[in-house]
Visitor: 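The structure that follows is given in the form of structure tokens.
Each chain gets a letter, A, B and so on, in the order its sequence line appears, and its residues count up from 1. The figures that follow rest on heavy atoms only: side chains count, while hydrogens, waters and symmetry mates do not. This one's a predicted model, so the numbers in the text were calculated from it and none came from an experiment.
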4 protein chains.
Amino acid sequence: MENSMSRVRIPKQKRGQETKRQIIETGLKLFSEKGYYRTNSKDIAEAADVAIGSFYAYFRDKKMLFIEILQEHFELISACLNKINFEDVMKMDNGRELISAIVENVIKAHEISPEFHREIDIAKNSDPDVDRLVSEYEKKILQNTVKMLHQYKEKIRVKDIEAAAVIVNMAVEETVHIIKFTKPNVNEMQLKNELIDMISRYLFTI
Amino acid sequence: MENSMSRVRIPKQKRGQETKRQIIETGLKLFSEKGYYRTNSKDIAEAADVAIGSFYAYFRDKKMLFIEILQEHFELISACLNKINFEDVMKMDNGRELISAIVENVIKAHEISPEFHREIDIAKNSDPDVDRLVSEYEKKILQNTVKMLHQYKEKIRVKDIEAAAVIVNMAVEETVHIIKFTKPNVNEMQLKNELIDMISRYLFTI
Amino acid sequence: MENSMSRVRIPKQKRGQETKRQIIETGLKLFSEKGYYRTNSKDIAEAADVAIGSFYAYFRDKKMLFIEILQEHFELISACLNKINFEDVMKMDNGRELISAIVENVIKAHEISPEFHREIDIAKNSDPDVDRLVSEYEKKILQNTVKMLHQYKEKIRVKDIEAAAVIVNMAVEETVHIIKFTKPNVNEMQLKNELIDMISRYLFTI
Amino acid sequence: MENSMSRVRIPKQKRGQETKRQIIETGLKLFSEKGYYRTNSKDIAEAADVAIGSFYAYFRDKKMLFIEILQEHFELISACLNKINFEDVMKMDNGRELISAIVENVIKAHEISPEFHREIDIAKNSDPDVDRLVSEYEKKILQNTVKMLHQYKEKIRVKDIEAAAVIVNMAVEETVHIIKFTKPNVNEMQLKNELIDMISRYLFTI
DNA sequence: GATGAATGAGGTTTCATTCAT
DNA sequence: CATGAATGAAACCTCATTCAT
């Protein structure tokens, strides 16, 4: 009850770091495959080839594991999104090329465990801590888009750049989602093209 | 699992029908509020002011309740979406007006428990039965859009109508989702306008 | 988390009352035999011939069971202690007889699960809720003694009646404890006599 | 369980002795503060600033630590109790003075971690090894009192000296206990006086 | 000697579901 | 038809103890 502080182990030795890594990796895998609620700590520990005690040594509970995976995931995605070279992009005088680059980049970002990405939405709703985290991240992503559109301002015909950013982000995100999870009769290439068309025509007078 | 003569009761008397209705209504409410996994049958029964025994008299299990609610939900949405008078719409020679009408209609459709709609995505992933159901429904909705775009074909500049339908549907759906759940700094009107702009410019050479 | 209120079942049907009784009775038995910390809910449920689920239907947790048993125990003891007929006792002009009657009465009271009584002390220390409860009860018992001594005031040579009550109560309590648990070489009768002697000589000039 | 060549380390170097001492000290502190069952080995090791491995190097298990502390505690108390100079005491021809000296001495003895003393009773019940140990110690203390009363025999009016010793010991012990743990409305001085009065009047015809 | 990561038995608790009344 | 008590599998989590470094 009045417990001796935070109880979670911070691994100092290499062995401990590996164990924690194992659990995180396995957690990501299982959450992605079966969803948060249908995955339990025992399953994760077993699949990670680790005793259940170790699970609770490194993570206060299942939720905390999820949150750590979440943070890591966001960092990876951010890193990936930031790889885009704005200097280069801004030099493109063809708007469609810009959009294409962006879309391509987001798709690449989502290649990092797209299944997990889907879980995030679920968790967001069931836990305020997760919600806060995700919202923060989303805000950051949005800011990024806003900034980009701003730099391209004179070529863009949309007035409300904030709103445009929201719409564009959403469209890209969801198309990726469709490509990854819904297997529509429509093929990936086609879909991507239409998306790029839609956004380009929306932003630029071509 | 699904033995032919399953124990579910089909209510014939008015009392039974009311009991079942109560459970469905309450289930919808609680699933929407707290999510499928965080809502338990006892809570539903209690909130519906019904004995837990009655719950299991009318529904094989929790999942079956969800599925029944799902079906009802789809029927309601479909009914709502179909209210749009295509004859009228087709007469509009302004494309933007068409899109506007459609968007407005989808928003209206989503006014029917938007929270529950969100739950659907989650459930889809965790259960194949639900997945099948939802996919079928989504296909129907998509067909609808395809049909509509077809009728407007000569005015549309997009070649691949199937893909366009997917994109358009997605964009509308998700914007509604954003409006209902994410409270962005951008206001609803603005967002709706941008959406309509985007789709119009995408489909029509204005 | 934000749970539907108090969760504990209040048995309305006879069956439920019996189940709850069973658990209480078995809990008392096991706590007495093995001590609070060495008794677990599963053991209690099993010994009570009841599913573990039923245990948690009627008691929030092990502690709550303990507290309910505690309260019941106090009520029984109180009832027993109150059976002493003060009218009669006060008529005794022999002080030793008075003390004897009181001691006899306390012993009788402790015949009600003396083992459990011992557990109380333990629990008192490990839980503030229990502590509060026990302290209240002890205060009541003390008041009773104070009242009694007051009524006998003119025959008593002790000035500080409050302190005397504390001392007397303690002596009686502990002697009973010794008789029940420590098996000294000294026999019960002897011990009781010495106790009565000690208290009589303390209170009265014989 | 207790295999001959048990794995416990007997510290020979100064460092080892210090480590063991640390653990004993910290164990005493934590057992006293939170009770045996609510104190766990990891907490002790941590608070003692020692690795959990060291704990189990010096003590077979948690119980063994408790027992070692117990033994040490008894030795300290005994040493303290024996400091009383019987030659001197026996010269007192005032019985009250004798009792006063004894009580004072016991109180001093209990100043040595009174909290731990309370834990002893608990442990006694839950473990036969502890029970044996404590009983032996109690017997020794009792013998001491018996011896003392014997030496004062001609001045004492009680016949059964054994029984008297039990009663007297109990009364002193428990009063100390009350003084240390129950904070009654009655003050310490008062209580001590009443205790001395009670015992004196019991033993001597004053 | 000292360290702390790892273990897993066993305790606590929840909840979907059954069934006697 | 309705009721709610009972069930127990399975989730969650703790902690005494071992052992490789």
Side-chain angles (χ1 to χ4, degrees), chain A residues 3 7 9-20 37 39-43 45 49-63, chain B residues 7 9 11-13 15-16 18-20 37 39-46 50-63, chain C residues 3 7 9-20 37-43 45 49-63, chain D residues 7 9 11-13 15-20 37 39-46 50-63:
Chain A
N3 255 348
R7 230 72 280 244
R9 178 141 85 218
I10 288 116
K12 285 158 192 175
Q13 301 174 10
K14 210 192 312 154
R15 186 158 59 125
Q17 269 154 20
E18 273 160 19
T19 302
K20 186 165 179 181
Y37 284 105
T39 303
N40 60 287
S41 43
K42 198 158 162 276
D43 286 352
D49 219 14
V50 141
I52 186 66
S54 296
F55 183 101
Y56 284 96
Y58 290 109
F59 304 96
R60 181 150 45 67
D61 51 25
K62 201 174 83 167
K63 191 179 110 182
Chain B
R7 335 227 102 258
R9 187 183 305 163
K12 289 170 184 167
Q13 299 177 15
R15 182 157 62 129
E18 272 159 19
T19 301
K20 185 164 180 183
Y37 284 104
T39 304
N40 59 311
S41 41
K42 198 157 163 284
D43 282 354
I44 298 174
E46 242 157 51
V50 142
I52 185 66
S54 297
F55 184 105
Y56 283 92
Y58 291 111
F59 304 96
R60 178 148 49 68
D61 51 27
K62 201 173 99 168
K63 193 179 105 185
Chain C
N3 255 346
R7 230 73 279 242
R9 180 141 83 216
I10 288 117
K12 286 159 191 174
Q13 301 174 9
K14 211 190 314 152
R15 185 158 61 125
Q17 270 154 18
E18 274 160 18
T19 301
K20 187 165 179 183
Y37 283 104
R38 310 205 309 160
T39 304
N40 60 287
S41 44
K42 199 157 160 277
D43 286 352
D49 219 14
V50 142
I52 186 64
S54 296
F55 184 101
Y56 285 93
Y58 290 110
F59 304 96
R60 181 150 45 69
D61 51 25
K62 199 173 84 166
K63 191 180 111 182
Chain D
R7 335 227 102 257
R9 184 177 331 169
K12 289 171 185 168
Q13 299 175 16
R15 181 157 63 128
Q17 268 154 20
E18 271 161 19
T19 301
K20 186 164 178 182
Y37 284 104
T39 303
N40 57 312
S41 41
K42 197 156 166 283
D43 282 354
I44 297 173
E46 241 157 52
V50 141
I52 186 66
S54 297
F55 184 104
Y56 283 92
Y58 291 110
F59 303 96
R60 179 148 45 71
D61 51 26
K62 201 173 97 169
K63 193 179 105 183

Visitor: Output the rounded distance in Å from NZ (A:Lys42) to P (F:dT14).
Guide: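 One finds 17 Å between P of F:dT14 and NZ of A:Lys42, rounded.
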Visitor: Determine which nucleotide pairs with E:dT18, using a 3.5 Å limit on both distances of a Watson-Crick or G-U wobble pair.
Guide: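 The answer is F:dA5, by the H-bond criterion.
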Visitor: D:Ser54 near the nucleic acid: base, sugar-phosphate alone, or nothing, with a heavy-atom cut-off under 4.0 Å?
Guide: base
Visitor: Just call it for A:Pro11: base, sugar-phosphate, or nothing, with non-hydrogen atoms closer than 4.0 Å on any strand.
Guide: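 Here A:Pro11 touches no strand at all.
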Visitor: Report the distance from atom CG of A:Asp61 to atom C1' of E:dT13, rounded to the nearest whole Å.
Guide: 15 Å
Visitor: Side-chain N or O of D:Lys62 less than 4.0 angstrom from OP1 or OP2 on F:dA16?
Guide: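 Yes, because at least one side-chain N or O of D:Lys62 sits under 4.0 Å from OP1 or OP2 of F:dA16.
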Visitor: If we ignore hydrogens and angles and just use 3.5 Å, is the side chain of B:Lys62 paired with the main-chain N or O of B:Thr39 as donor and acceptor?
Guide: yes
Visitor: Which heavy-atom pair separates B:Thr19 from B:Tyr58 by the least distance, and what is that distance?
Guide: CG2-CE1, 3.7 Å
Visitor: Just call it for C:Phe59: base, sugar-phosphate, or nothing, with non-hydrogen atoms closer than 4.0 Å on any strand.
Guide: nothing
Visitor: To the nearest angstrom, how far is A:Ile10 atom CD1 from E:dT3 atom P?
Guide: 18 Å
Visitor: Would you tabulate the nitrogen or oxygen pairs shorter than 3.5 Å linking the protein to nucleotides 18-21 of chain E?
Guide:
none

Visitor: Below 4.0 angstrom from OP1 or OP2 of F:dA5, is there any side-chain N or O of C:Arg9?
Guide: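 So the side-chain polar atoms of C:Arg9 do come within 4.0 Å of the phosphate oxygens OP1 or OP2 of F:dA5, strictly under.
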Visitor: Using whole Å, what does the distance between atom C1' of nucleotide F:dA2 and atom NZ of B:Lys20 come to?
Guide: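 Those two atoms, NZ and C1', are 16 Å apart.
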Visitor: To the nearest 0.5 Å, what is the distance between CZ (D:Phe55) and NZ (D:Lys42)?
Guide: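 That separation rounds to 13.0 Å.
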Visitor: So which nucleotide does E:dG10 pair with, by the Watson-Crick or G-U wobble rule with both distances under 3.5 Å?
Guide: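 Checking every strand shown, E:dG10 finds its partner in F:dC13, with both distances under 3.5 Å.
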Visitor: Using a heavy-atom cut-off of 4.0 Å across all strands, would you classify A:Tyr37 as base, sugar-phosphate, or nothing?
Guide: nothing
Visitor: In Å, rounded to the nearest 0.5 Å, how long is the span from CD1 of C:Ile52 to CG of C:Asn40?
Guide: 8.0 Å
Visitor: Output the distance between atom NZ (B:Lys20) and atom CZ (B:Arg9), rounded to the nearest 0.5 Å.
Guide: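 That separation rounds to 11.0 Å.
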Visitor: Find which nucleotide of DNA chain E each of C:Asp43 and D:Val50 is nearest to by heavy atoms, and output the residue with the more 5' nucleotide.
Guide: D:Val50
Visitor: So, OP1 or OP2 of E:dT12: does either fall under 4.0 Å of a side-chain N or O from C:Asn40?
Guide: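 Answer is yes, contact under 4.0 Å.
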Visitor: Starting at NZ of C:Lys63 and ending at C1' of E:dT13, how long is that distance when rounded to a whole Å?
Guide: 16 Å
Visitor: Taking for each residue the nucleotide of DNA chain F bearing the nearest heavy atom, is the 5' side occupied by A:Thr39 or by C:Glu18?
Guide: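 The residue whose closest nucleotide sits nearer the 5' end is C:Glu18.
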Visitor: Are any of C:Ser41's side-chain N or O atoms less than 4.0 Å away from OP1 or OP2 of E:dT13?
Guide: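 No, outside the criterion.
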Visitor: Taking only the side-chain heavy atoms of D:Ala51 (C-beta and beyond), determine which of E:dG4, F:dA2, E:dA6 contains the nearest atom.
Guide: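 Selected nucleotide: E:dG4.
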Visitor: More 5' along DNA chain E: C:Phe55 or D:Thr19, using each one's nearest nucleotide?
Guide: D:Thr19
